[in-house]
Amino acid sequence: MSRLSIIKVAGRGSTTDRHVATKTFTRASLTSQEISMSPWVKPVCLVLVAVFMLSSTTESKKDEALYCSACVAIAEELNYSISQTDPKKTIHVGGFRLKPDGSLTDKKVPLARSETYLTELLEEVCNSMSDYALYEDPDTKEKSYKRFAPRGNDGGNFPDIKNFKFDGPESSSALKFACESIVEELEDDIISLFASEAGHVSKTLCSEISGHCKSSVFQHREL
């Protein structure tokens, strides 16, 4: 029976019949709309799938030299900042609690290993990436980003400047972006490692936790 016939029959019947007919007509109309929209569904789904696949492909094609170097640089810069902090400075953590005898528990930790201080260092660490540039090892031809700007008390212990490749601000921006991505993703892990004074932080963070230094070439680097 067509929709038009249903309406005519409902017009001669009871109120209940008219409600049934109206619902039938509405359902038929919605089905018609869904059918008319269906040609749009497939293209939209295809676009979403393409975007997802592109995102996954981009993620899988991360430049290991870039991200491994950024990760190692984060560890090196934090280690340096911590080494320049007075080890005698402490900070109160965990608040004050009463002991059973009524006295206060005053917990202190070294300032340089406190979550507050490490968080502050992480907020600034990626600004140091402008002091790094692409470096090619003259013997192995291995490429990585190394610091070229000496610090005041480093004694000039830096790689030969002639082996650096300065590609302008784009290179520095790429390293800074990689740094910011790592900090955003692994902030808690980074703070936890440095707060606990774990050994071999670079290897733990960059090889084991993040996986940014996972190829055989970077596994043999001194992390």
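For reference, positions follow the sequence shown, starting with 1. In this text, all values refer to a predicted model and were calculated from it rather than measured experimentally.
Closest heavy-atom contact between Pro110 and Ile91: O-CG2, 4.4 Å. Between Ser130 and Ser172, the closest heavy-atom pair is CA-OG, 3.3 Å.
For Ser196, the side chain to side chain contact (heavy atoms under 4.5 Å, CB included) partners are Ala198, not counting sequence neighbours. For Thr204, the side chain to side chain contact (heavy atoms under 4.5 Å, CB included) partners at least two apart in sequence or on another chain are Leu193, Glu208, Ile209. Looking at residues two or more places apart in sequence or on another chain, you find a side chain to side chain contact (heavy atoms under 4.5 Å, CB included) between Asp139 and Asp137. With sequence neighbours excluded, the residues forming a salt bridge (charged side-chain N to carboxylate O under 4.0 Å, His left out) with Asp131 are Arg147, listed by chain and number. In this structure, Asn79 has no side chain to side chain donor-acceptor pair (under 3.5 Å) partners at least two apart in sequence or on a different chain. With sequence neighbours excluded, no residue forms a side chain to side chain contact (heavy atoms under 4.5 Å, CB included) with Asp188. Tyr67 pairs by the ring pair (Phe, Tyr, Trp, His ring centres under 6.0 Å) definition with His212, not counting sequence neighbours.
The line from CD1 of Ile74 to SG of Cys179 is 4.0 Å long, rounded to the nearest 0.5 Å. Here the CD1-CD distance, from Ile182 to Glu185, works out to 8.0 Å after rounding to the nearest 0.5 Å. Here the straight-line distance linking atom CG of Asp189 with atom CD of Glu187 works out to 10.0 Å at 0.5 Å rounding. Note that CD1 of Ile82 is 5.5 Å distant from CZ of Phe194, once rounded to the nearest 0.5 Å. Taking CZ of Phe164 as the start and NZ of Lys146 as the end, the distance is 7.5 Å to the nearest 0.5 Å. Taken to the nearest 0.5 Å, the CG atom of Leu134 stands 7.5 Å off from the NZ atom of Lys165.
You'll find the side chain of Met129 stays beyond 4.5 Å of the side chain of Phe177, heavy atoms only. Under the 4.5 Å side-chain criterion, counting only non-hydrogen atoms from C-beta, Phe166 is in contact with Phe148. In this structure, the side chains of Leu186 and Leu205 come closer than 4.5 Å at one or more pairs of heavy atoms.
Glu64 places a side-chain N or O within 3.5 Å of a backbone atom of Lys214 that can act as its donor or acceptor partner. For Ser114 (side chain) and Leu111 (main-chain N/O), a donor-acceptor pair under 3.5 Å exists by modelled atom type. A donor-acceptor contact shorter than 3.5 Å is absent between the side chain of Ser144 and the backbone of Ser69.
Listed by first and then second residue, the side chain to side chain donor-acceptor pair (under 3.5 Å) pairs involving residues 115-125 are Thr85-Tyr117, Glu124-Asn127 (not counting sequence neighbours).
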Candidate pair Tyr145 and Tyr132, rule ring pair (Phe, Tyr, Trp, His ring centres under 6.0 Å), full reasoning
CA-CA 6 Å; Tyr145 287 79; Tyr132 288 72; 8.6 Å; no
With side chain to side chain contact (heavy atoms under 4.5 Å, CB included) as the criterion, how do Leu118 and Leu78 come out once you've worked through the C-alpha distance, each side chain's angles and the decisive distance to 0.1 Å?
CA-CA 8 Å; Leu118 290 171; Leu78 290 180; 5.5 Å; no
What verdict does the side chain to side chain contact (heavy atoms under 4.5 Å, CB included) test give for Lys141 and Glu136, after you've listed the backbone C-alpha separation in whole Å, the side-chain angles of each residue and the deciding distance to 0.1 Å?
CA-CA 5 Å; Lys141 303 304 178 184; Glu136 182 177 286; 3.6 Å; yes
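In this structure, cysteines Cys213 and Cys71 have SG atoms that are not closer than 2.5 angstrom.
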